[in-house]
Amino acid sequence: MMIPTLIGAAIFVFFLLRLVPGDVCELRLAGTGLYADPAEILLCQKNLGLDQPLLVQFLDFLWGYVIFDLGDSMWTGFPVVHEIAIRFELSLQVAIMATAVAVMIAIPLGVISAVKQDTWIDYVVRAFSIAGIAMPSFWLGILIILGLLIITQKVTGVPWMPPIDYVPIWEDPMRNLSQLLWPAVATGYRYSAVATRMTRSALLEVLREDYVRTARAKGLVEKIIINRHALKNALLPVVTIIAIEFAFLMGGLVVTEQVFNLNGLGKLFVESVGNQDFNMTQQLVMLVVVIFVFTNLFVDVLYAWLDPRIRYS
Amino acid sequence: MTATSKIQVESDFEELEKKKHWFRVSLNMCRKQPLGVAGGIVVLLMIIMAVFAEFLAFYDPEVNSLEHMLLPPDEKYWLGTDQFGRDLLTRIIYGARTALFVGFTCAILGAGFGLVLGVASAYFGGWFDLVVQRIVDVVMAFPLIILALAVVATLGPGTENVILAITIPFIPQCARVVRSNALAIREIPYVDAARALGYSDSRIILRHMVPNVMAPFLIMLTSFLGQAILLEASLSFLGMGVQEPTPAWGLMLQGGAEEFAESAPWVAIWPGVAISLAVFGFNLFGDSVRDTLDPKLRSR
């Protein structure tokens with residue numbers, strides 16, 4: 001199931017990017033506004049292997065996965081693996097932090113919303129989560145920066161902005177967090193909106209189950225009923241949605257990294273699209289698909305582990 | 001004389017009844033779906049803004065004016081001006097036109113192609129279904145914005161390309177949902193009956209199956225509207241979407257929003273409010289459409 005999807009994605013991306021003529025060589029040489037020597041363009045295409053028939057290029061592209069050589073960036077000339085490796089850590093950290101933010105917002109809010117169904121609390125929480133879906137994360141990012149500037153200006157007299165250069169977390173945790181916390185919040189809020197709604201609806205369903213009524217009948221404290229009996233069962237779909245959304249977090253990062261000027265994978269992707277650096281673009285898209293496929297696999301395994309009904313059936 | 005007046009009275013009465021009916025229906029709507037009605041009002045306002053932009057805006061959205069750069073909001077420029085001296089309110093009103101045009105086109109095209117593909121896939125079954133579903137699997141493995149950016153990478157930025165870039169990821173999503181509904185419908189005897197009568201495949205698909213999967217189709221269509229507007233704004237923000245000087249909300253945030261955040265926060269705030277409000281309205285509206293058409297999901 002996984003392999004066909006991956007191969008299909010490879011075919012799809014490869015040919016999608018080459019549907020229309022025009023390539024990095026023309027952009028690089030002619031883009032300077034000066035006269036571009038056709039011979040030079042040809043030479044450049046030859047160096048990058050762009051003069052080969054498409055099928056040969058495609059087989060080269062697939063062969064690269066077999067020998068673990070993803071090729072070079074057509075723009076910078078460095079190996080793709082190198083370009084990805086220097087940015088991977090940052091994006092991964094933001095992704096994990098955003099997930100943490102999302103979980104910390106979604107589960108408590110979803111539970112409150114379900115327990116207080118159809119009261120004003122419920123309405124506020126639902127409005128909050130619908131707003132999370134409606135608000136573009138890049139705008140939230142801009143607002144966060146704006147808010148930080150204004151608040152620090154008021155409090156200390158000197159406006160403060162998150163640092164722009166990246167420091168690994170084990171070198172300077174404070175500096176690292178003060179840089180990456182904000183993009184994580186901007187991405188995580190949106191991400192939490194879906195999870196909040198999922199938590200709410202799943203918990204509402206479980207609260208109508210017979211065993212919850214039994215637990216109430218035997219006089220258990222409501223808190224224990226919710227935390228121990230209801231929430232445990234309600235979390236299954238929530239875990240699924242969080243894991244699946246994790247794969248899609250990459251999409252969110254594309255925009256937030258731009259706002260906060262972080263040199264991560266999302267920014268690399270936007271740059272490679274702008275430069276028509278097909279090799280980089282297709283490898284990054286494939287990376288996302290690989291993450292997606294493996295998260296799905298992980299969810300299936302996790303599901304079986306969490307839910308004995310699936311394991312034994 | 002009496003007869004005519006009686007008829008008159010009756011028709012008056014009927015009219016009154018009709019009015020009352022109309023009024024009661026909308027009142028009922030308000031009570032049952034308060035959020036949906038609120039969303040509908042926002043949607044309506046956006047549409048009015050887009051259609052009547054020329055009459056609502058005081059200024060030209062595309063003319064730069066150096067002496068009016070980055071003016072704070074006042075009675076002349078209600079929301080202030082941007083770094084090119086253009087009135088923000090005007091650009092937001094015209095931006096609604098871009099956003100709604102892209103939103104509706106993408107949603108209708110995406111859901112429409114998805115509808116046909118989904119029903120055809122369910123109707124024909126066999127290898128056709130298998131191939132279509134595998135393609136759908138592949139396309140759905142990409143996050144929306146990544147796929148849209150990949151399409152832009154091929155075609156280059158610009159409004160038409162953005163529409164294509166947003167429509168392509170929508171098609172498989174709609175096809176998947178419609179197919180699962182159409183599968184159930186194919187089992188209903190009237191499809192067999194139609195086949196036995198010798199109707200052509202396209203007639204059975206278009207006349208007999210498509211009308212019966214209208215509910216999921218409309219649900220997908222309305223949910224696409226908000227997504228498309230958001231996606232267009234994101235692409236334009238990245239500089240990969242609608243290009244200057246066309247007024248578009250995402251684009252307005254790209255230019256100077258961050259640079260001038262401190263000295264001119266209005267440039268960064270208002271276009272975002274417009275995007276959020278529009279998507280919020282369309283999402284609320286879409287949710288209530290879903291609740292109305294699909295009672296099974298009502299509790300969610």
Side-chain angles (χ1 to χ4, degrees), chain A residues 1 4-6 8-9 11-13 16-20 22 123 126-127 130-131 133-140 142-143 145-146 149-150 153 159 197-198 200-201 204-205 247-252 254-255 258-259 261 269-270 272-274 276-278 281-282 284-285 288-289 292-293 296, chain B residues 34-35 39 134-135 137-157 161 168 226-227 229-231 233-235 237-240 249-250 253-254 257-258 261-262 265 267-269 271-284 287 297 299-300:
Chain A
M1 206 44 249
T5 308
L6 286 177
I11 296 173
F12 184 76
V13 172
L16 176 73
L17 287 173
R18 285 160 180 80
L19 269 181
V20 175
Y123 287 125
R126 280 163 73 187
I130 295 176
I133 297 174
M135 206 191 265
S137 51
F138 60 87
W139 186 53
L140 185 61
I142 294 176
L143 287 187
I145 293 178
L146 199 61
L149 282 172
I150 292 171
Q153 172 89 39
R197 297 176 83 180
M198 200 66 199
R200 177 179 178 273
S201 64
L204 277 179
E205 223 157 82
F248 284 94
L249 210 57
M250 181 84 187
V254 165
V255 203
Q258 203 75 12
V259 180
N261 216 343
F269 184 68
V270 176
S272 72
V273 166
Q276 295 204 302
D277 184 349
F278 291 156
T281 309
Q282 71 200 12
L284 282 171
V285 173
V288 175
V289 177
F292 174 82
V293 168
N296 271 347
Chain B
L35 290 176
R134 288 297 79 75
I135 295 175
D137 274 343
V138 167
V139 179
M140 280 176 72
F142 301 100
L144 266 180
I145 194 164
I146 302 274
L147 186 53
L149 274 173
V151 175
V152 172
T154 322
L155 303 175
N161 296 345
I168 290 174
Q227 283 184 50
I229 292 174
L230 198 59
L231 207 54
S234 306
L235 288 175
F237 172 75
L238 292 173
M240 303 286 169
W249 297 333
L253 286 171
Q254 184 215 11
E258 275 178 283
E262 211 179 343
V267 181
I269 290 174
V273 172
I275 302 171
S276 309
L277 203 64
V279 179
F280 193 70
F282 277 105
N283 282 352
L284 285 180
D287 278 3
L297 290 168
S299 62
R300 303 207 165 185

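Letters go in sequence order (proteins before strands), and every chain restarts at 1.
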Looking only at heavy atoms and a cut-off of under 4.5 Å, which of B:Pro271, B:Ser276, B:Ser234 has the most pairs with chain A?
B:Ser276

Lys/Arg N to Asp/Glu carboxylate O, B:Asp287 vs A:Arg126, below 4.0 Å
no

B:Leu284, part contacting chain A, at a heavy-atom distance under 4.5 Å:
side chain

Below 4.5 Å from any heavy atom of chain B, which atoms of A:Ile11 appear? Answer side chain, backbone, both or neither.
neither

Once side-chain contact (heavy atoms from CB on, under 4.5 Å) is applied, do any residues pair with B:Leu144, and if so which ones, sequence neighbours excluded?
B:Pro169, B:Phe170, B:Gln173, B:Gln227, B:Leu231

Counting heavy-atom pairs under 4.5 Å with chain B, the top scorer among A:Phe292, A:Phe12, A:Tyr123 is A:Phe292

Residue among B:Val273, B:Val151, B:Asn283 with most heavy-atom pairs under 4.5 Å to chain A
B:Val273

If we check side-chain contact (heavy atoms from CB on, under 4.5 Å) with A:Ile145, which of these qualifies: A:Asn261, A:Ile150, A:Val259?
A:Val259

Chain B contact via A:Val13 - side chain, backbone, both or neither, heavy atoms under 4.5 Å:
side chain

Is a donor on one side and an acceptor on the other found under 3.5 Å between the side chain of A:Trp139 and the backbone of B:Ala268?
yes

Considering all heavy atoms, the nearest B:Asn161-B:Leu155 contact:
ND2-O, 2.9 Å

Largest heavy-atom contact set with chain A, pairs under 4.5 Å, which of B:Ile269, B:Val152, B:Ile145
B:Ile269

Would you mind checking which part of A:Ile130 comes under 4.5 Å of any heavy atom in chain B, side chain (CB onward), backbone (N, CA, C, O), both or neither?
both

ring-ring contact (aromatic ring centres under 6.0 Å, His included) with B:Phe280: which residues, sequence neighbours excluded?
none

